[in-house]
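Below is the structure I would like to discuss, written out as structure tokens.
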Amino acid sequence: MTQTILLYEFFCSGGLFARSDLLADSALRQEGLAMLAAVAADFAGVPDTQIAVMIDARFRDELCISGAQFIEVISSEAESELLANCSKRCDWTLVIAPEFDGLLHQRSLMVDGAGGRLLGPSPPTIALAGDKHATAQRLTAAGVPAPRGWLVEPAGRLPEDFPFPVVLKPCDGAGAHNVRLLTTRRDAIDHQQRLARPGRLEPFISGSAASVAVLCGPEGNIALPACSQHLSTDGQFRYLGGACPIPPHLNERAQRLARRAIDALGPVVGYLGVDLVLGDDPTGGGDVVIEINPRLTTSYIGLRAAVRENLAAAMLEIASDIRPPPCRPSPRPSPEGRGRRLSHASRRVEFDSSGAMRDRGPV
């Protein structure tokens with residue numbers, strides 16, 4: 001029996017009608033387009049699967065997926081109505097949107113409220129993971145290492161004894177949106193006064209930046225190969241892309257910590273990204289979780305080439321619980337079968353934030 005998947009990506013599927021202030025951010029839209037094109041192509045390759053793609057009518061010519069049904073959006077009102085009405089007629093809906101200003105949470109609520117089935121975390125899980133301060137507190141309470149931090153109000157006082165350098169970021173930010181590295185108290189106060197909403201102050205953690213995507217379902221989760229993260233060195237931590245795989249001993253540490261972080265959220269479905277910093281301690285004693293992204297991330301573009309597997313098909317299989325997922329949460333991934341193919345990279349790849357991918361050959 002054929003199943004139907006509805007795909008929605010905020011910057012390409014009509015979200016910019018309501019947020020015209022973001023129209024000028026071509027980098028974010030390019031990143032969104034790259035993710036949407038990649039996951040749409042993968043779903044189109046799943047047997048007995050039909051995909052429907054919501055698309056901003058202004059950008060219709062920028063996306064071409066063979067066999068896909070395109071649903072054109074011409075206004076903010078149409079975006080909301082189509083997302084609700086189409087999601088309840090489809091078997092699954094994948095929502096990709098940034099966390100800031102509640103954009104991801106609001107659209108997931110539209111799907112959930114209409115009776116649609118999210119191929120991703122539930123709205124309460126998105127609300128938790130979308131709040132960086134609440135996430136860090138949940139991780140710490142579960143024994144998962146995360147930076148200690150303070151909630152900072154725009155008009156409040158900064159803690160007196162906080163060690164510099166520090167990182168100040170919005171609690172509901174996405175990626176490096178409005179994140180700053182601050183080296184003096186004066187800089188921290190100046191940046192705090194420019195906050196539009198509560199932020200989180202935490203110490204700067206040195207080490208190697210990495211990310212791990214985790215496919216989640218009712219019967220267990222599987223961590224994909226860890227990717228290194230390339231971040232700008234201007235104190236704004238702008239995401240420039242990444243590479244996969246990383247050295248095996250670092251990959252094992254990163255995957256193990258990412259699974260612990262996802263387990264701390266409780267039951268979850270879909271594709272989530274865990275951002276980490278791996279410290280110098282070879283035992284992993286200095287490794288910390290920086291944040292959890294409750295959605296598809298740009299690393300998908302590189303990972304789909306690195307593992308040589310259809311990640312959309314794997315996402316559906318694990319979320320649907322058609323059969324036991326490739327592996328269950330454990331200190332190490334399954335040593336054989338599909339679980340091993342998903343957990344280990346077979347190709348060396350590099351990718352940038354716009355979605356450009358370079359295949360560097362077999363591992």
Side-chain angles (χ1 to χ4, degrees), residues 7-41 53-65 73 76 79 94-107 130 132 167-181 191 194-197 199 209-211 213 227-244 271-273 275 290-305 349-358:
L7 303 180
Y8 171 96
E9 194 287 317
F10 175 82
F11 290 95
C12 301
S13 298
L16 292 179
F17 282 108
R19 290 298 302 269
S20 58
D21 57 306
L22 297 174
L23 265 172
D25 199 329
S26 59
L28 281 176
R29 194 168 70 81
Q30 184 63 37
E31 188 175 352
L33 178 63
M35 285 190 285
L36 180 59
V39 76
V53 183
M54 286 182 58
I55 190 75
D56 188 318
R58 297 169 293 183
F59 312 135
R60 174 63 184 86
D61 294 339
E62 298 181 17
L63 190 65
C64 181
I65 302 295
V73 182
S76 175
E79 177 213 2
L94 179 67
V95 176
I96 309 170
E99 295 94 310
F100 60 75
D101 296 337
L103 298 178
L104 176 61
H105 186 243
Q106 292 161 6
R107 282 149 184 83
K132 291 178 171 56
V167 175
L168 183 57
K169 54 190 178 184
C171 285
D172 67 343
H177 184 68
N178 285 335
V179 179
R180 295 292 184 273
L181 175 66
H191 191 66
R194 292 195 290 271
L195 289 175
R197 49 192 182 273
S211 67
C227 300
S228 62
Q229 287 189 325
H230 303 157
L231 306 176
S232 68
T233 58
D234 58 0
Q236 299 184 39
F237 303 99
R238 287 177 293 109
Y239 182 70
L240 304 178
C244 181
Y271 181 112
L272 291 85
D275 290 343
I290 299 300
E291 66 182 51
I292 299 175
N293 301 299
R295 54 176 169 79
L296 204 76
T297 61
T298 310
S299 63
Y300 183 93
I301 296 160
L303 287 167
R304 65 196 288 263
V349 300
E350 296 178 0
F351 48 94
D352 63 26
S353 60
S354 70
M357 199 278 297
R358 294 172 290 281

Item to complete: Please examine the side chains of Gln236 and Arg180, heavy atoms only from C-beta on, and report whether any two atoms are closer than 4.5 Å.
Response: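 Sidechains of Gln236 and Arg180: in contact.
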Practice prompt. Among residues two or more places apart or on two chains, list those pairs meeting salt bridge (Lys or Arg N to Asp or Glu O under 4.0 Å) that have a residue in residues 22-33.
Written response: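 As it turns out, the salt bridge (Lys or Arg N to Asp or Glu O under 4.0 Å) pairs with a partner in residues 22-33, which skip direct neighbours, are Arg29-Glu62.
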Fill in: Which residues share a side chain to side chain donor-acceptor pair (under 3.5 Å) with Ser76, sequence neighbours left out
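Scan of Ser76 (side chain to side chain donor-acceptor pair (under 3.5 Å), adjacent residues dropped) gives none.
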Discussion item. Suppose we screen for ring-ring contact (aromatic ring centres under 6.0 Å, His included). Which residues come up paired with Tyr300, at least two apart in sequence or across chains?
Written reply: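 Tyr300 satisfies ring-ring contact (aromatic ring centres under 6.0 Å, His included) with Tyr271 once adjacent residues are dropped.
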Discussion item. Using every non-hydrogen atom in the two residues, find where Cys12 and Leu36 come nearest and quote the distance to one decimal.
Written reply: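 Minimum heavy-atom separation between Cys12 and Leu36: CB-CD2, 3.9 Å.
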Worksheet item: If you look at every heavy atom in Leu63 and Ala37, which pair is closest and at what distance?
Response: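 Answer, listing the atom of Leu63 first, then Ala37: CD1-CB, 3.5 Å.
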Discussion item. Could you check whether Lys132 pairs with Glu99 (Lys NZ or Arg NE/NH1/NH2 to Asp/Glu carboxylate O, under 4.0 Å)?
Written reply: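 A salt bridge is absent here (no side-chain N lies under 4.0 Å from a carboxylate O).
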Discussion item. Is there a side-chain contact between Phe237 and Gln229 in this structure, where contact means two heavy atoms from C-beta onward sitting under 4.5 Å apart?
Written reply: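 They are not in contact (no side-chain heavy atoms under 4.5 Å apart), so the answer is no.
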Worksheet item: Rounded to the nearest 0.5 Å, how far does NE2 of His230 lie from CG of Asp352?
Response: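 One gets 10.5 Å once the value is rounded to the nearest 0.5 Å.
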Worksheet entry | Val73 versus Phe17, closest heavy-atom pair with distance |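 It is O-CE1, 3.4 Å.
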Worksheet item: Roughly how far apart are Glu291 CD and Ser211 OG, rounded to 0.5 Å?
Response: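 If we round to the nearest 0.5 Å, Glu291:CD and Ser211:OG are 10.5 Å apart.
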Discussion item. Apply side-chain contact (heavy atoms from CB on, under 4.5 Å) to residues Arg19 and Asp101 and explain how you reach the verdict.
Written reply: CA-CA 11 Å; Arg19 290 298 302 269; Asp101 296 337; 2.7 Å; yes
Worksheet item: Under the salt bridge (charged side-chain N to carboxylate O under 4.0 Å, His left out) test, which residues partner Arg194, sequence neighbours left out?
Response: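 For Arg194 there are no salt bridge (charged side-chain N to carboxylate O under 4.0 Å, His left out) partners, ignoring immediate neighbours.
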Worksheet item: So how far is it from Leu23 CG to Leu16 CG, rounded to the nearest 0.5 Å?
Response: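 It is 5.0 Å, given to the nearest 0.5 Å.
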Worksheet item: So, for Ala209 and Leu231, which heavy atoms are closest and what is the spacing to 0.1 Å?
Response: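 What the structure gives for the nearest pair is CB-CD1, 3.9 Å.
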Worksheet entry | Pairwise distance OH(Tyr8) to CZ(Arg107) - rounded to 0.5 angstrom |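 Between Tyr8 OH and Arg107 CZ, I get 4.0 Å after rounding to 0.5 Å.
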Worksheet item: How long is the gap from OG on Ser13 to CE on Met54, to the nearest 0.5 Å?
Response: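 So the gap between those two atoms works out to 6.0 Å.
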Practice prompt. With rounding to the nearest 0.5 Å, note down the distance linking CE in Met35 to OG in Ser299.
Written response: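 Those atoms lie 9.5 Å apart.
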Worksheet item: Going by heavy atoms in the side chains, are Leu33 and Phe59 under 4.5 Å from each other?
Response: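 Side-chain contact under 4.5 Å: no.
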Worksheet item: Only one of Ile65, Ile96, Val53, Val95 clears side chain to side chain contact (heavy atoms under 4.5 Å, CB included) with Leu7; which?
Response: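 The passing option is Val53.
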Fill in: Residue pair Phe351 / Cys227: nearest heavy atoms and the distance that separates them
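Taking every non-hydrogen atom into account, CZ-SG, 4.1 Å.
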Worksheet item: What's the shortest heavy-atom distance between Ala213 and Leu303, and which atoms?
Response: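 Closest pair (atom of Ala213, atom of Leu303, distance): CB-CD1, 3.8 Å.
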Fill in: Residues which pass ring-ring contact (aromatic ring centres under 6.0 Å, His included) with Phe100, listed by chain and number, not counting sequence neighbours
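With sequence neighbours excluded, Phe100 shows a ring-ring contact (aromatic ring centres under 6.0 Å, His included) to His177, given in chain and number order.
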Discussion item. If the condition is salt bridge (charged side-chain N to carboxylate O under 4.0 Å, His left out), which residues does Asp61 pass it with, not counting sequence neighbours?
Written reply: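 None.
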